[in-house]
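First comes the structure, then the notes that go with it.
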Amino acid sequence: MAKKNQERILEDIVFLNLWVKPVLVHGGGPNISDRMRVSGKKTEFIDGMRVTDEELVSVEEELQS
């Protein structure tokens, strides 16, 4: 199942590249979760995807730079 989803995502990125230049960012999840936990904030997930609010965006930007 995961392999099929991965293939679909990659196909979507290739298709998107016809009109826009997509940026795929992945791999910071554990660091983001750690930072939120240390700061006493709760990270919310829906269907396995992190819900990103304004506060979380600032944490993500700090960790990704």
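Bear in mind the structure is a predicted one, so any value in this text is a computation, not a measurement.
Note: D12 CG to E7 CD = 12.0 Å, rounded to the nearest 0.5 Å.
No side-chain heavy atom of N17 sits less than 4.5 Å from a side-chain heavy atom of V14.
Every residue was checked against the ring pair (Phe, Tyr, Trp, His ring centres under 6.0 Å) condition with F45, not counting sequence neighbours, and none meets it.
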Review item, side-chain donor-acceptor pairs of residues 32-41, under 3.5 Å, at least two apart:
{"residue": "S33", "atom": "OG", "partner": "G29", "partner atom": "O", "Å": "3.2"}
{"residue": "S33", "atom": "OG", "partner": "R50", "partner atom": "NH1", "Å": "3.3"}
{"residue": "S33", "atom": "OG", "partner": "R50", "partner atom": "NH2", "Å": "3.3"}
{"residue": "D34", "atom": "OD1", "partner": "R37", "partner atom": "NH2", "Å": "2.3"}
{"residue": "R35", "atom": "NH1", "partner": "E62", "partner atom": "OE2", "Å": "2.6"}
{"residue": "S39", "atom": "OG", "partner": "R35", "partner atom": "O", "Å": "3.2"}
{"residue": "S39", "atom": "OG", "partner": "M36", "partner atom": "O", "Å": "3.0"}

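Residue W19 shares its hydrophobic cluster (ILVMFWY side chains chained together at separations under 4.5 Å) with F15, L16, L18, V20. Listed by chain and number, the hydrophobic cluster partners of V51 are I46, where partners are ILVMFWY side chains within reach of under 4.5 Å, directly or through others.
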